[in-house]
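Below is one structure, written out as structure tokens; the observations come after it.
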Amino acid sequence: MARPAVEPVPGEPAATADLGDERALVVADYHAGIEAGLRYERGVELASNADARRERLLSLLDRTEADSVVVLGDIGHRIGDPKGEEREELEALFDALAARDAPLTLVTGNHDGGVADAFEDRIEATPGDGVRMGNVGFLHGHTWPNREVLGAGTICMGHEHVTVKLQDSVGGGRVEPAWLRGPLRREVFAEHLGVEDDDSERFEWADPELVVFPVFNERSGGTWVNVEGQEFLSPFLPQALESGELYLLDGTRLGDYRSV
């Protein structure tokens, strides 16, 4: 049996992606400098977790023996030019990856407006509508994917910070980060692109599986996808998702997100 193009790392909000000529470690929503952001936005005082975040990523890179790193958007927390603690955290991360000869691709997200310009000599930044590498498409998820991404066999995205609320038989509960995976509906993207659904010459389609990543930074909150009243953030979800299975980080299958 062929190995899947994208394999979650057991117990971690990360996966490896087979890009054909190399293997990448993929994470979403790193949100460097989030502590400074929370202090400014909400008056919440938290000690910086920058060193632990960086070491966690580097440990995953060593563990998976990946050749490169792909971040599915929001590598920084500030919307705009990275400054202060956030810039220092990003510089330390990029220095550490350079020391391991592990290039980083940033799939530009809605929080990354100034990161590409600030670090144009350190990272490879993609357009906001994503990029295809091998047979895997990558996007953040705050915009519709481009046609190149839609032609991939697997599409990876972040942005949603997928979280599931679980309750036991006596009313206790807990919140867990989760993976959301499922097939996509071609007609939704065909309508968005303004093409006929059966016009295969103008619209490459490989019946892709969508893999929505859990958030890497546990301090950035999440969308409780199995709680009534919660809405997806992406413009093409949930209408483009034919069905969606939830999995905890340890691999436990919870079932369809609409019935968990």
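- Of the residues listed (Asn110, Thr108, Asp129, Thr126), the one engaging His140 in a side chain to side chain donor-acceptor pair (under 3.5 Å) is Asn110, and it is the only one.
- Legend: ring pair (Phe, Tyr, Trp, His ring centres under 6.0 Å) pairs involving residues 240-260, not counting sequence neighbours, sorted by first then second residue: Phe232-Tyr257.
- When atom types are taken as modelled, the side chain of Glu22 and the backbone of Asp18 share no donor-acceptor pair closer than 3.5 angstrom.
- Annotation: salt bridge (charged side-chain N to carboxylate O under 4.0 Å, His left out) contacts involving residues 130-156, sequence neighbours excluded, comprise Arg132-Glu204.
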Take Leu97 and Leu58 through the side-chain contact (heavy atoms from CB on, under 4.5 Å) test and state the conclusion after the steps. CA-CA 8 Å; Leu97 291 174; Leu58 296 176; 3.9 Å; yes
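- Side-chain contact check for Val215 versus Pro13: every heavy-atom pair is 4.5 Å or farther apart.
- Under the salt bridge (charged side-chain N to carboxylate O under 4.0 Å, His left out) criterion, the residue pairs touching residues 238-247 are Glu245-Arg253, with sequence neighbours excluded.
- A distance-only check finds a donor-acceptor pair linking the side chain of Tyr30 to the backbone of Arg54 [under 3.5 Å].
- Here the side chain of Asp29 pairs no donor or acceptor atom with the backbone of Phe216 at under 3.5 angstrom.
- Within 6.0 Å of CD in Glu124 there are 12 or fewer heavy atoms belonging to other residues, nucleotides or ligands.
- One N or O on the side chain of Asn146 and one on the backbone of Gly130 form a donor-acceptor pair closer than 3.5 Å.
- Within the structure, the side-chain hydrogen bond (donor to acceptor under 3.5 Å, both in side chains) test picks out the following pairs touching residues 91-102 (sequence neighbours left out): Asp62-Arg100, Arg87-Glu91, Asp95-Arg122.
- Put simply, the side chain of Thr64 gets close to the backbone of Leu60: a donor and an acceptor are under 3.5 Å apart.
- Note that CD1 of Ile75 and CG of Leu104 are 5.0 Å apart. Values are rounded to the nearest 0.5 Å.
- Between Leu139 atom CG and Cys156 atom SG the span is 9.0 Å, to the nearest 0.5 Å.
- Between the side chain of Arg181 and the backbone N or O of Gly244, no donor-acceptor pair lies under 3.5 Å.
- Nearest heavy-atom pair across Ala152 and Val136 is CB-C, 3.7 Å.
- For Glu160, there are no salt bridge (Lys or Arg N to Asp or Glu O under 4.0 Å) partners, not counting sequence neighbours.
- For Glu191, there are no salt bridge (Lys or Arg N to Asp or Glu O under 4.0 Å) partners at least two apart in sequence or on another chain.
- A pairwise comparison of heavy atoms in Glu218 and Asn49 identifies OE2-ND2, 3.4 Å as the closest pair.
- Considering Arg53, Glu85, Glu89, Glu86 as possible partners of Ile34, the one that fulfils the side-chain contact (heavy atoms from CB on, under 4.5 Å) test is Arg53.
- Between the side chain of Asp74 and the backbone N or O of Gly76 there is no donor-acceptor pair closer than 3.5 Å.
- Counting only distance, with no hydrogens or angles, the side chain of Thr143 and the backbone of Gly128 share a donor-acceptor pair below 3.5 Å.
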Walk me through it: do Glu176 and Thr163 pass the test side-chain hydrogen bond (donor to acceptor under 3.5 Å, both in side chains)? CA-CA 6 Å; Glu176 297 276 355; Thr163 307; over 6 Å; no
